[in-house]
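A quick write-up on the structure given underneath.
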Amino acid sequence: QVRLVESGGGLVQTGGSLRVSCTVSGRSTISLAMGWFRQAPGKEREFVAVVSGVGRITNYADSVKGRFTISKDNAKNAAYLQMNSLKPEDTAVYYCAAGPRIATTHSDYDYWGQGTQVTVSS
């Protein structure tokens with residue numbers, strides 16, 4: 001059974017930084033593309049970033065390019081999202097997801113975490 005657990009969310013002021021982590025059990029992350037999605041109240045879940053199995057390929061939503069960095073540590077079976085220059089519009093529940101390939105659509109992912117809240121105060 002594959003399980004994803006996010007951690008590291010919290011409250012931060014505008015312009016601040018936060019790193020969220022995703023720990024995977026039940027399968028090696030080297031065979032998984034790891035993605036981050038987010039969902040704000042009243043909005044649909046949206047793609048944020050994804051990193052390939054070996055970690056060489058990344059893709060970002062335009063709204064976070066230059067501010068967020070996705071990475072993974074296959075030795076620790078974990079993925080990370082470093083978020084800098086945070087804005088109030090980044091406030092959302094952030095979800096970690098895992099799937100067989102790089103993708104920006106949530107239906108392409110097989111496994112999901114429970115989510116972690118990130119709140120950016122103005």
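Count residues from 1 along the sequence.
- Hydrophobic clustering of Ile, Leu, Val, Met, Phe, Trp and Tyr side chains at less than 4.5 Å, counting indirect connections, keeps Phe37 apart from Val20.
- Under the 4.5 Å side-chain criterion, counting only non-hydrogen atoms from C-beta, Thr23 is not in contact with Leu4.
- Note that NZ of Lys65 and OG1 of Thr58 are 9.5 Å apart. Values are rounded to the nearest 0.5 Å.
- Taking OG from Ser28 and CG from Asn74, the interatomic distance works out to 6.0 Å, rounded to the nearest 0.5 Å.
- A chain of hydrophobic side-chain contacts below 4.5 Å, direct or via other Ile, Leu, Val, Met, Phe, Trp or Tyr residues, connects Val64 to Val118.
- Pairing each heavy atom of Gly99 with each of Tyr109, the nearest pair is N-CD2, 3.7 Å.
- Rounded to the nearest 0.5 angstrom, Ile70 CD1 and Ile57 CD1 are separated by 12.5 Å.
- Val12 is connected to Tyr94 through a chain of hydrophobic side-chain contacts under 4.5 Å among Ile, Leu, Val, Met, Phe, Trp and Tyr, so both are in one cluster.
- For the atom pair CG of Asp110 and CG of Leu32, the computed distance is 8.5 Å after rounding to the nearest 0.5 Å.
- Thr91 is listed as a side-chain neighbour of Gln117, based on a closest heavy-atom distance under 4.5 Å.
- Using a 4.5 Å cut-off between side-chain heavy atoms of Ile, Leu, Val, Met, Phe, Trp and Tyr, with links allowed through other members, Tyr111 and Val51 fall into the same hydrophobic cluster.
- Atoms NZ and SG, from Lys72 and Cys22 in turn, are 10.0 Å apart once rounded to the nearest 0.5 Å.
- Panel note: side chain Gln114, backbone Val5; no donor-acceptor pair is recorded below 3.5 Å.
- By the 4.5 Å heavy-atom criterion applied to side chains, Arg38 and Ser63 are counted as neighbours.
- Listed by chain and number, the hydrophobic cluster partners of Tyr80 come to none, as no ILVMFWY side chain reaches under 4.5 Å of it.
- The minimum heavy-atom distance linking Phe47 with Ala103 is given by the pair CE1-O, 3.7 Å.
- Minimum interatomic distance between Ala40 and Ala92 (heavy atoms only, all atoms of both residues): N-CB, 3.8 Å.
- A salt bridge is defined here as a Lys NZ or Arg NE, NH1 or NH2 lying under 4.0 Å from an Asp or Glu carboxylate O, and Lys87 with Asp90 fails to meet this definition.
- Closest approach of Met34 and Ala98 over heavy atoms only: SD-CB, 3.6 Å.
- Looking at His106 and Tyr95, their side chains never come closer than 4.5 Å, going by heavy atoms from C-beta outward.
- Remark: the backbone N or O of Ser85 is paired with a side-chain donor or acceptor of Arg67 at under 3.5 angstrom.
- With rounding to the nearest 0.5 angstrom, the CD atom of Gln13 is 11.5 Å from the CG atom of Leu86.
- Contact detail for Gly8 and Leu18: the closest heavy-atom pair is O-CG, 3.7 Å.
- Within the 4.5 Å cutoff, the side chain of Trp36 has no heavy atoms near those of the Met83 side chain.
- Panel note: side chain Asn77, backbone Val24; a donor-acceptor pair is recorded below 3.5 Å.
- At a threshold of 4.5 Å between side-chain heavy atoms, the hydrophobic network of Ile, Leu, Val, Met, Phe, Trp and Tyr places Leu81 and Val50 in two separate groups.
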